[in-house]
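Indexing begins at 1, ligand by ligand and atom by atom, following the structure's order.
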Amino acid sequence: MLGRLNHVAIAVPDLAAASAVYRDTLGARVTEPQALPEHGVTVVFIDVGNTKIELLEPLGEGSPIAAFLAKSPSGGMHHVCYEVDDILAARDHLKASGARVLGDGSPRIGAHGKPVLFLHPKDFQGTLVELEQA
Ligand code: CO
């Protein structure tokens with residue numbers, strides 16, 4: 001079921017400052033910021049060849065990463081995203097295995113225009129897991 005690592009996401013308090021670190025200090029190419037109001041975040045991506053890094057900044061009231069940044073004000077690793085071939089089949093398999101799917105269990109369209117789901121960190125070694133249909 002589990003495919004390749006699509007990205008590792010890092011929550012940051014200041015997307016412009018974090019993008020500058022990746023661009024100027026690390027010499028990486030950073031995409032333009034993309035607002036995702038339905039996910040409560042603004043994102044940029046950094047392609048590092050074998051996977052991507054996603055930088056997330058809160059967008060709007062009640063952002064799902066606001067509590068994370070309250071606990072880790074300088075930012076930190078927020079989730080890992082794995083690709084799956086069939087997100088509904090993956091969801092059904094995971095639910096049957098006792099894993100908790102966040103939200104109402106229906107995939108939403110993520111930053112790459114593809115369906116995504118999030119899985120409860122308590123069921124995955126304390127790590128928030130995103131699945132994206134490749
Ligand atoms: Co993500």
Task: Residue that, paired with His112, satisfies side chain to side chain donor-acceptor pair (under 3.5 Å) out of Glu54, Gln133, Glu132 - done: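 When side chain to side chain donor-acceptor pair (under 3.5 Å) is applied between His112 and each of Glu54, Gln133, Glu132, only Glu132 qualifies.
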Task: Residues which pass side chain to side chain donor-acceptor pair (under 3.5 Å) with Asp24, listed by chain and number, not counting sequence neighbours - done: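 Asp24 satisfies side chain to side chain donor-acceptor pair (under 3.5 Å) with no residue once adjacent residues are dropped.
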TODO: Compare all side-chain heavy atoms of Arg108 with those of His39 and state whether any distance is below 4.5 angstrom.
DONE: yes
Open item on the list: Taking Val41's backbone N and O only, do any of them form a donor-acceptor pair with Ser63's side chain (distance below 3.5 Å, no angle check)?
Closed with: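 Answer holds: no.
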TODO: Give every protein N, O or S atom lying under 2.8 Å from the Co ion (ligand 1), naming each by residue and atom.
DONE: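 Less than 2.8 Å away from the Co ion (ligand 1) sit His7 NE2, Glu54 OE1, His79 NE2, Glu130 OE1.
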Open item on the list: Going by side chain to side chain contact (heavy atoms under 4.5 Å, CB included), Pro58 matches just one of Thr42, Val12, Leu69. Which one?
Closed with: Leu69
TODO: May I ask you to say whether Arg100 pairs ionically with Asp123, meaning some side-chain N is under 4.0 Å from a carboxylate O?
DONE: yes
